[in-house]
Number of protein chains: 2
Amino acid sequence: MPKIGAEPIRKAALINATIFEVGRTGSLDVTVAQIARRAGMSPALAHHYFGSKEKIFLSAMRYILRTYGRSVAERLPGHGRRGRLDAIVRASFAPQNFQRETVSAWINFYALALINPEAGRLLRVYHRRLRSNLVLALRPLAADPVRVAETVGALIDGVYLRAVLTPGGIDAVTAEKLIFDYLDEVLQ
Amino acid sequence: MPKIGAEPIRKAALINATIFEVGRTGSLDVTVAQIARRAGMSPALAHHYFGSKEKIFLSAMRYILRTYGRSVAERLPGHGRRGRLDAIVRASFAPQNFQRETVSAWINFYALALINPEAGRLLRVYHRRLRSNLVLALRPLAADPVRVAETVGALIDGVYLRAVLTPGGIDAVTAEKLIFDYLDEVLQ
DNA sequence: TATCGTTAATTGATCAACCAATCAAGAACA
DNA sequence: TGTTCTTGATTGGTTGATCAATTAACGATA
């Protein structure tokens with residue numbers, strides 16, 4: 001069934017399969033063959049479209065970060081004094097970003113960022129954007145918005161880290177509550 | 001120069017080399033040959049003493065956790081009302097636990113815990129111990145010691161995660177301050 | 001003390017498995 | 001006909017693990 005215009009469909013399928021496989025196995029040690037099979041094609045086709053395994057990983061990472069960024073953006077014009085802040089935190093624990101596979105992939109991409117300069121760059125961009133979003137939201141609420149933003153950022157990552165380790169799956173509600181409790185306490 | 005009693009020395013050298021190499025490369029994708037060479041012996045000898053690469057990793061992980069646990073314990077009989085609490089936080093950012101290689105290895109062992117049941121078990125033991133230490137220290141200080149303990153635990157992990165990503169090395173003082181600022185705020 | 005068998009330490013060589021990447025060639029559409 | 005899509009086959013390289021063989025310390029014995 002070789003129709004024209006397969007490239008974006010194939011690429012999307014490969015990215016999805018990558019996140020799923022990395023998340024499922026909990027490791028970056030997935031083979032191109034594994035990813036390709038999950039995406040319903042041959043390993044050679046995966047190389048054809050992406051060129052290398054590294055580029056597949058980076059695209060998957062970009063996709064995760066973009067998805068997260070978009071889910072923040074579409075919640076952003078929040079209402080009320082804490083609207084913006086709530087939107088950011090809620091986005092972090094929305095189902096699409098807080099599924100077991102996604103979070104597991106997230107952690108492994110974090111590890112990738114230690115060795116791959118481009119992955120590190122992507123992660124730092126995400127950090128900067130999250131930080132500036134948080135600072136903006138916190139300016140009318142906190143005496144020291146920068147410090148609170150740093151704390152919330154670290155807290156979110158820490159909660160993510162611990163969430164995947166709990167054997168009985170992830171509880172988004174509890175995770176979210178931890179952040180909100182902190183915010184309630186620190187903002188008067 | 002085969003002398004008798006080499007086993008503990010060789011094992012210790014291999015564990016050190018493992019942490020160093022995993023930390024240096026920022027990945028669990030280090031070969032047994034790499035580790036063995038760094039420890040000054042042949043790959044065959046590493047297998048002779050540990051049996052498998054997996055067991056080398058697990059021993060290295062145990063060593064990191066034990067070192068951390070000990071550095072908490074020896075600071076523990078802290079003075080003053082916040083003595084115990086300060087001790088735990090300070091231990092987390094003491095040089096031996098907060099060196100770039102150690103933290104980098106730490107993150108990779110976190111990823112290992114996603115796929116290796118024994119590694120997961122080790123990490124959960126560490127979490128439980130840290131939690132109970134924190135709860136004990138927080139009981140006379142906080143209205144809800146369990147919640148604050150969870151928050152501090154997640155915060156420490158989050159700060160670790162972010163620390164290795166900063167290109168210009170790690171700043172223990174800033175990291176420590178973030179935790180103490182949170183505690184100052186939440187404990188009246 | 002000299003000798004010798006036992007045990008621990010150590011490694012070079014090797015194997016079987018796995019894998020990322022390449023390429024040539026076939027198949028379907030425009 | 002030419003372009004896109006697709007894959008089977010192959011290759012070059014890597015690696016965890018094994019094993020036989022060697023070297024050196026130890027301990028007992030004569």
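Chain letters run A, B, ... following the sequence lines, proteins first and then strands; every chain starts at 1.
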Checklist outcome for this item: Taking every heavy atom of A/Ala91 against every heavy atom of A/Val72, the minimum-distance pair comes out as CB-CG2, 3.6 Å
Item to check | Atom-pair distance (NZ on A/Lys53; C1' on C/dT22), nearest Å | outcome: 17 Å
Item to check | Euclidean distance, atom CD of residue B/Glu21 to atom P of D/dG16 [Å, nearest integer] | outcome: 13 Å
Checklist entry - Out of C/dT22, D/dT6, C/dA9, which has the shortest distance to the side chain of B/Glu7? => result C/dA9
Checklist outcome for this item: Rounded to whole Å, the NZ-P distance (B/Lys11 to C/dA9) equals 11 Å
Item to check | Interatomic distance, B/Ile56 CD1 vs D/dA17 C1' [rounded to whole Å] | outcome: 11 Å
Checklist entry - Is A/Arg10 near enough to D/dT4 that one of its side-chain N or O atoms lies under 4.0 angstrom from OP1 or OP2? => result no
Next on the checklist: Side chain of B/Ala44, heavy atoms from C-beta onward: which of D/dT18, C/dA21, D/dT6 has the nearest atom to it?
Outcome noted: D/dT18
Item to check | Minimum-distance nucleotide to B/Tyr49 side chain [options: D/dT18, D/dG8, C/dA9] | outcome: C/dA9
Checklist entry - What's the NE2-P distance between A/His47 and C/dA20, to the nearest Å? => result 7 Å
Checklist outcome for this item: Closest non-hydrogen atoms of B/Lys53 and B/Leu28, given as atom of the first, atom of the second and distance, are NZ-O, 4.1 Å
Item to check | 5'-most by nearest nucleotide on DNA chain C - A/His48 or B/Met41 | outcome: B/Met41
Checklist entry - Is the count of non-hydrogen atoms from other residues, nucleotides or ligands lying under 6.0 Å from B/Arg129 atom CZ greater than 12? => result no
Checklist outcome for this item: Assign each of A/Gln34 and B/Pro43 the nucleotide of DNA chain C bearing its closest heavy atom; nearer the 5' end lies the nucleotide of B/Pro43
Item to check | Length of the NZ-C1' vector between A/Lys55 and C/dT22, whole Å | outcome: 14 Å
Checklist entry - How is A/Thr31 classified with respect to the nucleic acid when contacts are heavy atoms under 4.0 Å: base, sugar-phosphate, or nothing? => result sugar-phosphate
Checklist entry - Once you round it to whole Å, what is the distance between P of D/dC5 and CG of A/Leu14? => result 13 Å
Next on the checklist: By nearest atom, which of the nucleotides C/dT11, C/dT22, D/dA17 is closest to the B/Leu45 side chain?
Outcome noted: C/dT11
Checklist entry - Got more than 12 heavy atoms from elsewhere within 6.0 Å of OH, A/Tyr63? => result no
Checklist entry - What is the distance, rounded to the nearest whole Å, between atom CZ of B/Phe50 and atom P of D/dT18? => result 16 Å
Next on the checklist: Just by distance, no angles: are the side chains of B/Tyr160 and B/Ser92 close enough, under 3.5 Å, to form a donor-acceptor pair?
Outcome noted: no
